[in-house]
Structures are given as structure tokens and as C-alpha cells.
There are 2 protein chains.
Amino acid sequence: MNTASADEPRWLSDEEQRTWRAFMHATTLLEDHLDRQLQRDAGMPHIYYGLLVQLVEAPGRRLRMTELAMKAKITRSRLSHAIARLEKNGWVRREDCPSDKRGQFAVLTDEGYEVLERVAPGHVTAVRQALFDRLTAEQQETLGEAMRLIAAGLQPEGAGADLPWLR
Amino acid sequence: MNTASADEPRWLSDEEQRTWRAFMHATTLLEDHLDRQLQRDAGMPHIYYGLLVQLVEAPGRRLRMTELAMKAKITRSRLSHAIARLEKNGWVRREDCPSDKRGQFAVLTDEGYEVLERVAPGHVTAVRQALFDRLTAEQQETLGEAMRLIAAGLQPEGAGADLPWLR
DNA sequence: TCCAAAAGCTTGACACTTCAAGTAACCATC
DNA sequence: GATGGTTACTTGAAGTGTCAAGCTTTTGGA
């Protein structure tokens, strides 16, 4: 680490300021935009949609709660509440894990699958219009790399390195 | 889940998928990280901190509600609730606008200024560690440009082009 | 075998956001 | 000098997120 945070922090340069503000603006505007789009078309926020996507891609369309929480980058607590809501909608159902009685699977229902099928095209379009259509291939490449670096730095140490039931 | 749907949308390529997921992961992890950091050190979420920053930079440390909402990229409603909370903390106070009786100013109090002074160093450090320290100058440059393009595309049409009381 | 510690998940209370609806003041026009 | 439309902001309820505490089951030794 550098000098100190309590002493004399390295403030952001003007250029860094501009970058940071653009980052904040773009991400909040985009998240808001996608939230509204999905709330309107699917009746759920963006993050809930992400949960369904994770499930549809998983073998058997099911995932252990902890694993789903990790893939979606949210806490277990938040996931519990979210799955409770999605269950109420009939889009996900819980199943007990036979090999570990503490464990729960979140399973995508047929109804949930249909919602996804119906809503996915509009969502991709929204993402394209907001992001990919506005950037060159090079910019996309660099953006992806930058985001991977940032995410890697924030990921809790050996996150997910060893889920016992994945061995 | 490929063919189906009304129009046959252009699905994301594998590379685009990777970029998009990295984007989502990085932004949610970062927002969570900063929220926790500020909640711990300042007792407020990141967005509230952003409001105080906007105020401290404004002439007279005050801003009309609508203008503040625009700068912070949030709805007026959200701002109303947020300012109510910050007012309860004694960090912001409301003032009537003399020239327009519907108008309200949000004003940063001395106490609010002190919070900012106390908390800013740690926040800059957090941003540096999470973002700037991990990217080359070129990556930062491209990231900033990309974010500016995305934000511009999502900005409501002539947003803020003409606030009467700014003329 | 037994038990303390950890893992997996849930719960409830409180904080924050959203949405729709509401109030009050301004303004342009007749 | 009314009046219809717009602007500025607030409110309340319902939805979602966070945090700390809880329960049950599993694990790793003693």
C-alpha cells in the first residue's frame, strides 16, 4: 500500500475524476434502464432476471443456493428473499438436497422458462442498444478486460475455490 | 433458447457475453464494496455520499432539488427521501427558494462538511485500490471514453438543457 | 462416541427505492 | 383575473436489500 489514507491521500487527478464520474453515471443509468425495462416487460428487477438466467444454464436447471448466490454475486440472505419472491410467482421452486439435509436447490420451473423465453429477446436488444452498439470492437475488448481486472480485485479471496459439493 | 421469439434478435456472441458478464460482475461488486465502506465509515450509502459531494462543489454549497437530482442521476422522489434522511442526520438542511415558492434548496451544513472531510480520504483510497490501481493509463482512457458514450446514450433527450432558473 | 465449531440457509426488523398519486405554485392565454 | 396546463416537490405504500441473529445439519477431532 502507499503512504497512508489518514495522512495525505492521493486525490484523483482531473482526468481520473472525469473517468470515475463517467463510470458512476454510466453504470447507474444503465442499471436503472435495465431495471425499468425488465420490470415493465417481465415484472421483475434485473437481478432477479439474472438469477433465472443462471438457473436455465445450469445442468438440470437447478443450482444449490450458495452456488447461485456466488454466481450472481449476492449474499445468501438476499438470495433467500429473492427466491421466496420468485417462488411466489411460480418461476422457481425449492427442492431439498438429498445428500445434505441443510442444502436446498433452486429449480427453474417450466413457467419460469417460458418467462425467460418471452423476455430474453427484448433484454438482449436493450443491452445491445445501450452498450455494444455504441462501442467499437477495440473499446469492447478493453472494456471487458478492465472489468475482469476490477472484478478479480474485489472478489473475496478464494471465492468458490472449494464448494465441498462441487468436488 | 435460441431461435424462437417475434423478431429473431441478435444474440450476444461468446465474446460479447464474456464482456457483458464481466461488466455486471465488476459493477455490482464495486457498488457493494463502496456501499459497505461508506456505510461503515460514514453511516450512509454511496449514493448519499455522492449527494453531499455535489453540494460541497456547488456555489454556496446549495443546489435546487431538481438540479441535484439530475447531477446525481436519480429521480426527484428518491432525492426527497434521501434529503429527508440527511436532514435528520443534520448534514443537510432545506431552504425555501425566494424567487420560486415551489422551489427548495438543499444546503450542506457545517456538520455535513465535516463528515465529508473526515470520510473523503478513505473513499478515494477505496476507489483507487478497486479501480485505478488495477488499470493502465491506456485502459483508464478507453474505459472513460466508453462510459461517456454509454451514459450519453442513456441520458434522457435534452436532459437539463434548460432549467428555467439556470438561465 | 461425543461435542464444539462451522456450513447452509432462513428470518425479522429496519433502511432504502420505486411507483403512483398528491399539493402547491407558476405561467401563458384569453 | 380566470383557467388550463406545466413545473417543483412530497407523500405513502409496496417491493427490495442489509444486517444480525437464528435454526438445523455436518464436520473434525478429542
Side-chain angles (χ1 to χ4, degrees), chain A residues 28 31-40 42-51 63-70 72-89 92 94-106 159-167, chain B residues 28 31-40 42-51 63-70 72-89 92 94-106 159-167:
Chain A
T28 68
E31 193 49 31
D32 280 11
H33 182 66
L34 296 180
D35 261 343
R36 279 182 228 292
Q37 187 254 319
L38 282 167
Q39 193 70 56
R40 180 165 47 72
M44 65 185 140
H46 186 201
I47 187 98
Y48 286 28
Y49 176 85
L51 297 176
L63 242 22
R64 284 285 293 268
M65 293 295 278
T66 297
E67 201 180 351
L68 179 50
M70 275 178 176
K73 265 74 188 169
I74 64 178
T75 63
R76 288 197 251 256
S77 169
R78 186 172 174 183
L79 181 62
S80 271
H81 290 298
I83 294 294
R85 202 275 224 180
L86 291 172
E87 215 174 3
K88 208 170 282 181
N89 283 264
V92 168
R94 284 180 219 249
E95 267 180 29
D96 291 341
C97 174
S99 64
D100 186 337
K101 283 176 183 164
R102 295 167 304 179
Q104 291 274 107
F105 282 102
D162 43 33
L163 278 317
W165 25 269
L166 284 183
R167 277 199 295 251
Chain B
T28 67
E31 193 49 30
D32 281 10
H33 182 66
L34 295 181
D35 261 342
R36 279 182 229 291
Q37 186 255 319
L38 282 168
Q39 194 68 57
R40 180 166 46 72
M44 64 186 142
H46 186 200
I47 187 99
Y48 286 29
Y49 175 85
L51 296 176
L63 242 21
R64 285 284 294 266
M65 294 294 279
T66 297
E67 200 181 353
L68 179 49
M70 273 177 177
K73 263 77 187 168
I74 64 177
T75 62
R76 287 193 244 253
S77 169
R78 188 174 175 183
L79 181 63
S80 270
H81 290 296
I83 293 294
R85 201 276 223 179
L86 291 172
E87 213 173 5
K88 208 169 283 180
N89 282 266
V92 168
R94 284 181 218 248
E95 267 180 29
D96 292 341
C97 174
S99 64
D100 183 339
K101 283 176 183 163
R102 296 166 306 176
Q104 290 275 106
F105 282 103
D162 43 33
L163 277 320
W165 26 270
L166 284 182
R167 276 200 295 250

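Just so it is clear: chains get the letters A, B, ... in the order the sequence lines come, proteins before strands, and each one is counted from 1. Quantities reported herein were computed from a predicted structural model and do not represent experimental measurements.
Rounded to an integer number of Å, the gap from CD of A:Q104 to C1' of D:dT25 is 12 Å. Rounded to an integer number of Å, the gap from A:D35 CG to C:dC19 P is 8 Å. As a whole-Å value, the separation of B:I74 CD1 from C:dC19 C1' is 15 Å. With rounding to whole Å, A:R64 atom CZ is found 10 Å from D:dT26 atom P. In this structure, the NZ atom of B:K88 is 12 Å from the C1' atom of C:dC16, given to the nearest Å. Atom CD in B:Q37 sits roughly 17 Å away from atom C1' in D:dT18 (whole-Å rounding). Between B:Y49 atom OH and C:dA15 atom P the separation is 23 Å, expressed in whole Å. Counting to the nearest Å, the C1' atom of D:dA8 and the CG atom of B:L63 are 15 Å from each other.
OP1 or OP2 of D:dT7 has not a single side-chain nitrogen or oxygen of B:R76 nearer than 4.0 Å. For C:dC16, neither phosphate oxygen OP1 nor OP2 lies less than 4.0 angstrom from any side-chain nitrogen or oxygen of B:R78.
A residue-by-residue look at B:Q39 and A:G43 shows that A:G43 has its nearest nucleotide of DNA chain D further toward the 5' end. Between B:P45 and A:R36, the residue anchored closer to the 5' end of DNA chain C is B:P45, taking for each the nucleotide with the nearest heavy atom.
Within the nucleic acid shown, B:R94 comes within 4.0 Å of sugar-phosphate atoms alone, with no base atom in reach, counting heavy atoms only. Residue-level contact check: B:I47 touches the backbone only, with heavy atoms under 4.0 Å from sugar-phosphate atoms and none from bases. Contact annotation for B:F105: no contact, since no heavy-atom pair falls under 4.0 Å across all strands.
When side chains are defined from C-beta on, A:Q104 does not count as touching A:I83, because their heavy atoms never get closer than 4.5 Å. In this structure, the side chains of B:D32 and A:K73 stay at 4.5 Å or more apart for every pair of heavy atoms. Looking at A:R64 and A:F105, their side chains come closer than 4.5 Å, going by heavy atoms from C-beta outward. Within the 4.5 Å cutoff, the side chain of B:L86 has heavy atoms near those of the B:M44 side chain. You'll find the side chain of B:L51 reaches within 4.5 Å of the side chain of B:L79, heavy atoms only.
The side chain of A:K101 lies closest to D:dT25, out of D:dT25, C:dA25, C:dT18. In the set C:dT18, C:dG8, C:dT17, C:dG8 carries the atom at the smallest distance from any side-chain atom of A:D100. Of the candidates D:dC9, D:dT16, C:dC16, D:dC9 carries the atom nearest the B:T66 side chain, counting heavy atoms from C-beta on. Closest approach to the A:S77 side chain among D:dT10, D:dA20, C:dG8 is made by D:dA20 (side chain taken as heavy atoms from C-beta onward). Considering only side-chain atoms of B:T75, the nucleotide from D:dA8, C:dT18, D:dT18 that sits closest is C:dT18. For A:S80, the listed nucleotide lying nearest its side chain is C:dC9; candidates were C:dC9, D:dC19, D:dG15. Ranking C:dA6, D:dT18, D:dC9 by closeness to the A:R102 side chain, first place goes to C:dA6.
Residue A:H46 holds its NE2 atom at 14.0 Å from CZ of A:R36, rounded to the nearest 0.5 Å.
Residue-to-nucleotide contacts include a donor-acceptor pair under 3.5 Å from the side chain of A:H81 to the base of C:dG12.
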